Amino acid sequence: MSGLTISNLTVTIGGVRVVDGVDLTVPAGGTLVLVGESGSGKSVTVRAALGLLGRRAAVTGTATFGGVDAARVRGRSIGLVAQDPTTALDPLRRVGAQIAEVLRHHRTGGDPVALLARAGVPDPARVARAYPHELSGGLRQRALIAVATACDPELVVADEATSALDPGAAERVLALLTRRSLLLVTHDVGVARRLGGARETVVAVMYAGRIVEQGPAAAVLSAPRHPYTRGLLAAEPAPGVPRGALPVIPGRPPEPGERPAAGCAFAPRCALARDVCLRARPEPAGGTHRAACHV
Ligand code: SF4
């Protein structure tokens, strides 16, 4: 099994730097959980790594899988569960036909109904005959997971793959996805906790187009170093705690065009900010558990 290595990835769209010098590694046979609020650049990062951004985007840096350009092996060796199952599935074709086409394209045997059942779809024969618009959001998401895993890729890149699912269905989907190397993109830092510690899991936290903290899941979850990660973990829903009682990170993430040219992009929201934070951009430091923070 191979891993994915993303090195110094930068994406500029319309003259605005959206992703800035991102380094990530999905361990072979392990999981990388890429966490951040909406607009942090997570989805753009994975789409750029897989060569899925259009010509309007200027991409520099590399993304390799088993030593070859990741974009070249997308589909067969790398399966993608896109963020929006509504647009990722062809609205004019039955779900089963779409899975069968993927199998044919890659000259792989398999039964669409069995693949839907493996993705936790109840009544898979009915769903195989259905058009995407006839399905709920959760069923569409699971159908998309069946498409992405049809050829048993070595790596799955899953963008908010469990967001439309109830907790039980999400557990089953995660169990299916973690049979291979997995890059899981999510706004929910708690997903990393639910994956358990059975295999190598890395958590990377993204803010304003940069990775601000990265390290083994156990270390990041139990001893977060960056104030943003601490804020995300403190806001994580907990049993018996009303949502309104949870602390929230004040303010909102800056839009790509609003990010400061110097200093730390998190400074306006950070209770620990000091003068140096406004002057100098913090660089990642700290060995295997790295954080980009002056404090
Ligand atoms: S560098 Fe400063 S502003 Fe940025 S997260 Fe660290 S303490 Fe807060």
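Note that this is a predicted model, so its numbers are computed, not measured. Indexing begins at 1, ligand by ligand and atom by atom, following the structure's order.
- Here Arg180 pairs with Asp152 in a salt bridge; the nearest charged N to carboxylate O distance falls below 4.0 Å.
- Ion pairing between Asp69 and Arg72 fails under the 4.0 Å rule for side-chain N and carboxylate O.
- Aromatic ring pairs are classed by plane angle as parallel below 30°, tilted from 30° to 60° and perpendicular above 60°; the pair Tyr207 and Phe266 is perpendicular.
- Put simply, the residue from Leu32, Leu177, Val26 that forms a side chain to side chain contact (heavy atoms under 4.5 Å, CB included) with Leu182 is Leu177.
- Shown are the protein N/O/S atoms under 2.8 Å from atom 4 (Fe) of ligand 1, given by residue and atom: Cys264 SG.
- Classification of Arg290 and Asp23 as a salt-bridged pair fails, no side-chain N sitting under 4.0 Å from a carboxylate O.
- Defined by atom type and a distance below 3.5 Å, a donor-acceptor pair is missing between the side-chain atoms of Arg17 and Thr10.
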